[in-house]
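Since the structure is predicted, the reported quantities are computational estimates derived from the model, not experimental observations. Each chain gets a letter, A, B and so on, in the order its sequence line appears, and its residues count up from 1.
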Amino acid sequence: MAGITLKGLKKSYGTAHVIKGVDIDIEDGEFVVFVGPSGCGKSTLLRMIAGLEDISAGELSIGGKVVNDLPPKDRGVAMVFQSYAIFPHMSVRENVGFGLTIAGASKAEKAEKVANAARILQMEHLLDRRPSQLSGGQRQRVAIGRAIVRNPQVFLFDEPLSNLDAALRMDMRLEIGKLHQQLGATMIYVTHDQVEAMTLADKIVVLKDGMVQQIGSPMELYHDPANLFVAGFLGSPAMNFLDVDVTAVNGSKVLVSNAALKPVEITAKVGGFSAGGKAKLGIRPQYLTPVDSGGMLQGRIALTERLGSETVVDLTLGDGTRLIAALARDAVFPIGADLGLTFDAAQAHIFPQ
Amino acid sequence: MAGPAIALILVFVIAPFFLAVGFSFTNQRLVSPNPAEFIGLSNYRQLLGVGVLHLDPLTDAAGAVVLDEQGQPKLSELRKITRKNPDYPQFDGMREWFSWSSGEGRTYVLARDVVFMTAILNTFIFVLVVAPLQGGLALGLALLINQRLRGINVFRAIYFMPVVVSIVVVSLLWSFIYNQNEGILNNILSAISFGAIPRIDWLGNPSTALGAIIFMSVWQAVGFHMVIWLSGLQTISPTLYEAGAIEGASKWQTFRYITWPGLRNTAVLVLVVITMQAFGLFSQIDVMTKGGPLDSTQTIVFQAIQRGYGKQDISAGSAISVILFVIVLSVSLIQRYLTREKA
Ligand SMILES: Nc1ncnc2c1ncn2[C@@H]1O[C@H](COP(=O)(O)OP(=O)(O)OP(=O)(O)O)[C@@H](O)[C@H]1O
Ligand SMILES: [Mg+2]
């Protein structure tokens, strides 16, 4: 049907190489999220799939057909833009039915499909309004409505929720998830909000500097980050990284320690460690637990944030490194006091320096 | 803070306006030893007086139609009716503007000031031709030029160049272009037709003079309006075009559904500006034809200047200005009504 394959896709503007060879396989009906820091090329990649940017090199196929040189309209894709891109001079009804108007659909067909889209998006009461009389969330709904009336095989979303406030963003996020289940179409969704990525995606693609860092399900990426970048990018608060010395290597078991850390054995998922070398130890703030005595790490409390459900403690370790611990309960920690922490070695990650 | 500006506007805009309105009700001359007198609407009556007269053929004693030498029914002489005829005081001093045969007789439209009527008619023709032509052409150029191509700025500059040159200079140059014997236009026409097209005295022929001036005027200001259209085009968000491309809009559909609606306000502006400029047609006439030949290029403003300064009849000039003001105001109001934002 409408699986999408990207093979060695590249894009350059003159001498600026923005996408540097990207391979991704997207199955029919999958919800794929592209995440990455600003400027990493997420939008560019999406726009290449849509046909709004030329492909400098590589091969893009949709539904088994190479579409490199097809114009956007022949690719069977619909796109929802960050800025909504709804037509200000048309009513909501005309906006939603725009694709059908363009295709020369009959009045009856248009009325039926627009009504259907309006029902799915719960905006029947808005159909006769002008875009200027709508809120941001309602406008985004119109843009999504325009995308769904043509019943496309593939939906492309470029940060569709980034202009909305937090509460609305959550509502719309749920609705987009629901929409995906209802329509069963392939969806590619660009965001730099990791909550959106984690909650919506079947598959997350992490990009950095125009290259894929890792592709996998949200939990794979969370629990088994392939590299330092992915480890640091997903999860909130971000993973702590400690500079550690490798004291012994035994197969995949690596023994590490440093001035502030008691020796601990970590199972490495990647190779490249040697005794006497350096490494980065990654520990998620959620996996740190305070202990009264005999902690693996010892630090001085610099700051605490009480969020009710959890308490975020900012510590300075003996060697000056900052460490964040997110403790899953409400508690008072006096600033300036010493705190011992321990963690489960199985939940820690080690990356070569 | 706004004091000086208000003072300037008062002295140079508001005061002359009220002076003109005042003068138009008097017989004030530009320089005259006699004090001006209030003469009411007489100036307006003189300028705008029109009447319709139907003349039946003359009949002899037996009631048969009298024929003239060409065998046409004979009419009483128009001159006898409009020259101090006590039976027709309302037509006194009028001249034939135009006429047509109706039935056996003839219907005449008479005007007290035929030249001024011609001037009004010419001005309206000028506006009605120039406004759509110039606006449309300028939009076409703007669409062509609104592309990200190498060297596109050269074209922008070329089209804008005539705007920067004074209209007087442009008119002089075009007088040479239109010249019957040495003009480039005739040279080109006869070259491409191998002499089949005769050399035309574009500005000296009553049937081509107004057209020639219209053509030149369109050419001269098209660049200006192109720039206004361009600025309108730039305000349309590129994502709207991208959305159109994804939905599969053709070039025409893109224009129809995205570009044109996005240019609404610009279109109103261009229309109003062109109309106002066109109603003020003067410099081209003054340089190229002086209203001739045979009054075929008379215009309202040219008449106002000619009477007010040429003939020193400042009151008639003022009355013409007031008439022009009323015309432009009404046209603008109509345009505003027609282009209003529909709720
Ligand atoms: N027309 C262009 N010419 C040159 N460089 C460009 C052009 N468009 C984009 N770029 C560059 O390509 C890179 C990727 O841009 P892109 O818009 O894809 O980033 P992004 O990942 O979507 O970022 P954001 O999260 O901020 O939207 C950026 O470094 C940008 O400067
Ligand atoms: Mg982007």
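- Residue A:Ile86 touches chain B through its backbone alone, counting heavy-atom pairs closer than 4.5 Å.
- A:Arg146 touches chain B through backbone and side chain together, each having a heavy atom under 4.5 Å away.
- Counting heavy-atom pairs closer than 4.5 Å to chain A, the top residue among B:Gln253, B:Arg256, B:Glu247 is B:Glu247.
- With salt bridges taken as basic N to acidic carboxylate O contacts below 4.0 Å, none links A:Arg173 and A:Asp193.
- A:Asp28 and A:Gln153 form no side-chain donor-acceptor contact under 3.5 Å, judged by distance and modelled atom types alone.
- When heavy atoms are compared at a cutoff of 4.5 Å, A:Ala143 does not approach chain B at all.
- Only the side chain of A:Pro88 has a heavy atom closer than 4.5 Å to any heavy atom of chain B.
- In this structure, B:Ile158 and B:Pro162 approach most closely via the heavy-atom pair O-CD, 3.5 Å.
- Ranking B:Ser237, B:Gly262, B:Ala245, B:Ser250 against chain A, the residue ahead of the rest is B:Ala245, based on heavy-atom pairs under 4.5 Å.
- Interface residue B:Tyr257: backbone and side-chain heavy atoms are both found under 4.5 Å from chain A.
- Put simply, of A:Pro71, A:Ala85, A:Pro152, the one with the most heavy-atom pairs under 4.5 Å next to chain B is A:Ala85.
- In this structure, a donor-acceptor pair under 3.5 Å is present between the side chains of A:Gln82 and A:Ser162.
- Heavy atoms only, all atoms of each residue included: A:Gly145 and A:Met123 are closest at CA-CE, 4.3 Å.
- A donor-acceptor contact closer than 3.5 angstrom is absent between the side chains of B:Thr239 and A:Tyr84.
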